[in-house]
Amino acid sequence: IDGFRFDLASALCRDARGNVMQKPTIIEAIAKDPVLSKVKLIAEPWDCGGLYQVGSFPNWDIWAEWNGRYRDAVRNFIKGTPDPGVKTAFATRLAGSQDLYNRNNRKPYHSINFVTCHDGF
């Protein structure tokens, strides 16, 4: 095993009352763990409560994220969605989503680009 994907990982960013924490203890503990910090850590950065953290998931420069915006842009481009912003969004996502991942020490490889997954196409 070279890593773990955390489904609905943003749920781990909430306190007992459901409030969003800026520095969730469990996410930080995993990121700083001497063993887990050496493997791939991938967050699905949203939850069932509407929290959507693509590009802003607490990461300590270790966590990568599923890039749902990449998925949506590619799907819209492939479908030929008649929106003038589709080509720009597609190009931005294909070029590494710098608008989302160019903060702190994050790099384009912190974005896990995908088009389909267990939820289907």
Side-chain angles (χ1 to χ4, degrees):
I1 296 175
D2 67 347
F4 300 94
R5 181 184 72 85
F6 292 76
D7 198 38
L8 302 173
S10 290
L12 299 172
C13 296
R14 295 184 182 271
D15 65 19
R17 294 185 175 174
N19 299 312
V20 179
M21 297 182 287
Q22 296 302 311
K23 293 185 176 186
T25 308
I26 187 69
I27 300 299
E28 182 178 15
I30 292 169
K32 293 183 177 185
D33 182 87
V35 175
L36 294 176
S37 65
K38 305 292 186 253
V39 301
K40 295 175 182 113
L41 299 172
I42 303 168
E44 183 182 48
W46 49 83
D47 69 11
C48 295
L51 182 57
Y52 192 77
Q53 297 178 300
V54 172
S56 63
F57 186 82
N59 59 75
W60 286 270
D61 299 325
I62 291 178
W63 286 82
E65 305 170 12
W66 272 19
N67 188 344
R69 291 192 182 168
Y70 176 91
R71 173 201 60 210
D72 297 342
V74 171
R75 287 180 180 184
N76 287 333
F77 182 80
I78 290 170
K79 291 188 300 187
T81 302
D83 179 333
V86 168
K87 290 179 183 176
T88 300
F90 177 72
T92 299
R93 301 298 157 232
L94 199 59
S97 297
Q98 184 176 10
D99 60 322
L100 299 174
Y101 297 100
N102 190 25
R103 344 185 161 142
N104 303 323
N105 290 317
R106 302 201 83 196
K107 306 290 183 227
Y109 57 77
H110 286 109
S111 170
I112 305 298
N113 299 329
F114 69 104
V115 176
T116 188
C117 63
H118 60 88
D119 297 331
F121 187 67

Participant: Let me see the working for Tyr70 and Val54 under side chain to side chain contact (heavy atoms under 4.5 Å, CB included), right down to the final yes or no.
Facilitator: CA-CA 10 Å; Tyr70 176 91; Val54 172; over 6 Å; no
Participant: Rounded to the nearest 0.5 Å, what's the gap from NZ on Lys40 to OH on Tyr109? Could you check?
Facilitator: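 Rounded to the nearest 0.5 Å, the NZ-OH separation comes to 12.5 Å.
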Participant: Has Arg71 got its NZ or CZ under 6.0 Å from the middle of the six-membered ring of Trp66, at an angle within 45 degrees of the ring axis?
Facilitator: no
Participant: When Asn67 is tested against each of Ile112, Asn113, Val74, Asp72 for side-chain contact (heavy atoms from CB on, under 4.5 Å), which residue passes?
Facilitator: Asn113
Participant: Quick check: closest heavy atoms across Arg103 and Gly55, and the distance to 0.1 Å?
Facilitator: NH1-O, 3.2 Å
Participant: Considering only residues two or more places apart or on different chains, which pairs with a residue in residues 11-27 satisfy salt bridge (Lys or Arg N to Asp or Glu O under 4.0 Å)?
Facilitator: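 Listed by first then second residue: Arg14-Asp47.
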Participant: Please check if the side chain of Glu65 supplies one atom and the backbone of Phe57 the other of a donor-acceptor pair under 3.5 Å.
Facilitator: yes
Participant: Counting only heavy atoms not in Leu94, do more than 12 fall under 6.0 Å of its CG?
Facilitator: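 Yes, because the 6.0 Å sphere around CG of Leu94 holds more than 12 heavy atoms from other groups.
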Participant: Is any side-chain heavy atom of Asn76 less than 4.5 Å from a side-chain heavy atom of Phe90?
Facilitator: no
Participant: Taking side chain as C-beta onward, heavy atoms only, is Thr92 less than 4.5 Å from Gln98?
Facilitator: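 Not touching, per the 4.5 Å side-chain cut-off.
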Participant: Rounded to the nearest 0.5 Å, what separation is found between the NE2 atom of His110 and the CG atom of Leu100?
Facilitator: 13.5 Å
Participant: CD of Glu28 to CG of Leu12: how many Å apart, nearest 0.5 Å?
Facilitator: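 It is 14.0 Å, given to the nearest 0.5 Å.
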Participant: Mind running side chain to side chain contact (heavy atoms under 4.5 Å, CB included) on Leu8 and Trp46 for me, showing each step along the way?
Facilitator: CA-CA 5 Å; Leu8 302 173; Trp46 49 83; 3.9 Å; yes
Participant: Taking the side chain as every heavy atom from C-beta outward, state whether Ile42 and Trp63 have any pair of such atoms under 4.5 Å apart.
Facilitator: no
Participant: Does Asp99 have any salt bridge (Lys or Arg N to Asp or Glu O under 4.0 Å) partners at least two apart in sequence or in another chain, and if so, which?
Facilitator: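 With sequence neighbours excluded, Asp99 shows a salt bridge (Lys or Arg N to Asp or Glu O under 4.0 Å) to Arg93, given in chain and number order.
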Participant: Begin from the C-alpha positions of Met21 and Asn19 and carry the test side chain to side chain contact (heavy atoms under 4.5 Å, CB included) through to its verdict.
Facilitator: CA-CA 6 Å; Met21 297 182 287; Asn19 299 312; over 6 Å; no
Participant: Taking it one step at a time, do Ser97 and Arg69 satisfy side chain to side chain contact (heavy atoms under 4.5 Å, CB included)?
Facilitator: CA-CA 9 Å; Ser97 297; Arg69 291 192 182 168; 6.0 Å; no
Participant: For Asp33, enumerate each residue passing the side chain to side chain donor-acceptor pair (under 3.5 Å) test, keeping only those at least two apart in sequence or located in another chain.
Facilitator: none
Participant: Where is the tightest heavy-atom contact between Gly3 and Val39, given as atom of each residue plus distance?
Facilitator: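 Result for this residue pair: CA-CB, 4.0 Å.
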Participant: How many angstroms lie between CZ in Phe6 and CD1 in Ile27, if you round to the nearest 0.5 Å?
Facilitator: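 The CZ atom of Phe6 sits 7.0 Å away from the CD1 atom of Ile27.
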Participant: Strictly distance-based, threshold 3.5 Å: is any side-chain N or O of Ser37 a donor or acceptor partner for the main-chain N or O of Lys32?
Facilitator: no
Participant: How long is the gap from OG1 on Thr88 to CZ on Phe77, to the nearest 0.5 Å?
Facilitator: 11.0 Å
Participant: Roughly how far, to the nearest 0.5 Å, is CD1 of Ile62 from CZ of Arg106?
Facilitator: 11.0 Å
